[in-house]
Amino acid sequence: MATQPRTYEDDRNTASQDTVYTDSNGVPVPHPYEAQRAGANGPLLLQDFHLIDLISHFDRERIPERVVHAKGSGAHGTFKCTKSLDDLCIADMFSEAGKECPVTVRFSTVGGEAGSHDCARDPRGFSVKFRTEEGNWDMVANNTPVFFLRDPAKFPHFIHTQKRDPSTHLTHSDDSTMFWDYLSQNPESVHQVLILMGDRGIPDGYRHMHGYSGHTFKLVNKSGDWVYAQMHMKSKQGTGFITQEDSANYSPDYSQKDLYGAIEKGDYPSWSVEFQTMTAKEAEELWETQKINVFDLTHVWPHKQFPLREVGEFTLNENAKNYFAEVEQVAFNPAHMPPGVEPSADPVLQSRLFSYPDTHRHRVGVNYQQLPVNSSRTSHRGANFQRDGSMAFFNQGSRPNYLSSIEPISFRERSVNLDKVHGEFISDAVTFLSEIKPEDFNAPRALWEKVFDDKAKARFVSNVSGHMSTCRYPEIIKRQIAIFREVSDDLATRVEEATGIKGYDGIANLQFNGTHNGMTSNSKLRYANGMSGKNTSSVHGHNGAPIKATHKHESNHHAGTNGTRVNGAAINGANGH
């Protein structure tokens, strides 16, 4: 009697010696290299299903690579809660010390192609799939606490500048014109530029780097009170970096080899999971007093004001048995949140809530969450009314595909009062584009002056000037030096000396095509891309920050600097770097 279809776990752990060679429909084939011909020297036969099946599948065995984060590595492991977070969050995984759940983690470079070098100067992706009792939570993070932009519509444009030139088909390793053209027209990127072109731009493999949510989320507790939060994942192996000069001596797959090899020999890497939190009132005051916007992906939260609180750790102790099935097909989505975790009004996060599942449906297929590596592992049997489509492995049998009163589906009571958690947005629809303000340069200035030592500064200037050497237009470099000068005159002067190009004195007399210039007194230069501001300027004084009257209810009173942060501790460095 024929057996039931085998499970993924059964297939994953079966040795070759226990299998029989067959074609795709299970019929044994004597030898994979044979082909049917019309005589020993004749043409092939169309009836040779094995050969046709073999070649047809071969022609289709690639799926589109990720538009970003194409080159990556991954592994499996376990998260363990070490200190309860139930005073701030009802998520089951944080309910008590000792609580565990499986995780899958994927690390990656951002801009490169699937075959690019692991030691490229690039941010690193750091995504974790927590398989909680309440469903999957995908923390889609990077190894830097900030990013190049804070306006969501800029993202496709920015990524285009990280790819190959439409004409020369060269990457910015050989032609950096697009790269610096974008950065020099969007000064808010300078914080990330200092990190990228500094020592953290090439981490020493994936095991020796931290991960940061970058975006602001909300944590909700059992009373319905909430706080803003950012997650940090701190490497227990410590951090390390590779210099630009030394990077050429490493294997193109160095980070993959390092991670895989460490796990194979039992040297399991681990990361602590920590949170910064603040109340709605603190978020408003942070903007009013320091012009730090919690919805701004180019800003960090000062650690002295908002110290880290450790809640757990995860350890990677199992390599993928099959890279394609478990790493290439793994799909992370920041919209995947368990009860107790909610999105904030961060505009780039909001756009990612749509774009990530959209790209997975295109790249992997509409039923990508049915794949074993993406499926949840809950005690309850999940069901919905999403049926059919490509590769519907689990199509929910004969159960009604609508809300039936004859065969009713069960429901669980809502655990979060969304009316209380969400903000109160009562206003006209507006066009919005952020503008540059003096405060945008505070954190990068602290990074240059207080975190970088003399050797780090020298390496940064060398990295920048070397990369700029392939930029074809001096005007672009002049503008970028002007942006650096707003960070530090010392920094700008060093880049001028290294490049031999004299930059502008600052940005007060510049107009940008990517952002409004709030640091100019010339009204003709203030608006991006030559806009006049007559009908709508898309400039708003609060620059998208949380302001009074947008929080419908007061958030958790006890999560501020005088509350539950007693278990947290500030770290060394300025502004959380």
Side-chain angles (χ1 to χ4, degrees), residues 83-91 94-95 137 139 145-146 150 212-232 273-312 337-350 415-427 439 442-443 541-571 575-576:
K83 297 178 182 178
S84 171
L85 192 65
D86 66 350
D87 57 317
L88 296 183
C89 184
I90 63 171
F94 300 135
S95 60
W137 181 18
M139 174 49 63
V146 296
R150 58 197 180 197
Y212 305 87
S213 66
H215 293 298
T216 295
F217 295 84
K218 292 179 180 178
L219 301 180
V220 190
N221 69 11
K222 53 183 173 290
S223 299
D225 298 321
W226 61 269
V227 293
Y228 287 125
Q230 289 202 359
M231 180 189 281
H232 299 238
V273 176
E274 308 174 20
F275 282 96
Q276 286 181 291
T277 62
M278 74 170 73
T279 66
K281 183 177 180 181
E282 287 176 320
E284 294 172 359
E285 291 173 347
L286 190 63
W287 170 254
E288 294 294 331
T289 60
Q290 297 171 250
K291 290 297 183 283
I292 295 176
N293 178 0
V294 297
F295 301 150
D296 187 339
L297 189 51
T298 68
H299 284 186
V300 293
W301 299 4
H303 280 245
K304 289 183 179 179
Q305 292 173 254
F306 307 99
L308 288 164
R309 173 178 172 177
E310 182 177 337
V311 298
M337 301 177 191
V341 182
E342 294 288 329
S344 76
D346 177 336
V348 181
L349 171 62
Q350 290 280 323
S415 55
V416 174
N417 184 343
L418 296 181
D419 294 342
K420 185 175 180 180
V421 169
H422 291 173
E424 184 175 17
F425 306 107
I426 303 174
S427 64
E439 293 78 14
N442 289 343
H542 55 84
N543 223 24
I547 55 177
K548 293 179 181 179
T550 59
H551 294 108
K552 187 172 184 178
H553 296 273
E554 181 61 36
S555 64
N556 193 338
H557 296 279
H558 307 294
T561 51
N562 297 317
T564 56
R565 296 215 187 92
V566 291
N567 294 325
I571 62 171
N575 284 333

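Between Ser344 atom OG and His215 atom NE2 the span is 8.5 Å, to the nearest 0.5 Å. To the nearest 0.5 Å, atom CZ of residue Phe295 and atom CD of residue Gln350 are 9.0 Å apart. Note that CH2 of Trp226 is 4.5 Å distant from NZ of Lys218, once rounded to the nearest 0.5 Å. Once rounded to the nearest 0.5 Å, the distance linking OG1 of Thr279 with CZ of Phe306 reads 7.5 Å. Atom CG of Asp86 is separated from atom CG of Leu88 by 8.5 Å, given to the nearest 0.5 angstrom. For the atom pair CH2 (Trp301) and OG1 (Thr216), the distance works out to 4.5 Å, reported to the nearest 0.5 Å.
Annotation: side chain of Gln276 is in contact with side chain of His303 (closest heavy-atom distance under 4.5 Å). Counting heavy atoms from C-beta outward, Met139 and Phe217 have side chains that approach closer than 4.5 Å.
With sequence neighbours excluded, no residue satisfies salt bridge (charged side-chain N to carboxylate O under 4.0 Å, His left out) with Asp346. Partners of Leu219 by side chain to side chain contact (heavy atoms under 4.5 Å, CB included), not counting sequence neighbours, listed by chain and number: Leu85, Cys89, Val227, Ala229, Phe275, Thr277, Val341. Listed by chain and number, the residues in a side-chain hydrogen bond (donor to acceptor under 3.5 Å, both in side chains) with Thr298 are Arg150, Asp296 (sequence neighbours excluded).
Side chain of Asn221 to main chain of Ser223: a donor-acceptor pair is present (N/O by atom type, distance under 3.5 Å, no hydrogens or angles). Of the possible donor and acceptor atoms, one in the side chain of Asn293 sits under 3.5 Å from a partner among the backbone N and O of Asn543. Between the Glu342 side chain and the Val421 main chain, no donor and acceptor come within less than 3.5 Å of each other. A donor-acceptor pair under 3.5 Å is formed between the side chain of Gln230 and the backbone N or O of Gly214.
Ile90 approaches Gly340 most closely through the heavy-atom pair CG1-CA, 3.5 Å. Among all heavy-atom pairs drawn from Leu286 and Met278, the shortest one is CD2-CE, 3.6 Å.
In summary, the side chains of Glu282 and Gln305 do not present any donor paired with an acceptor at a separation below 3.5 Å, with no hydrogens or angles considered.
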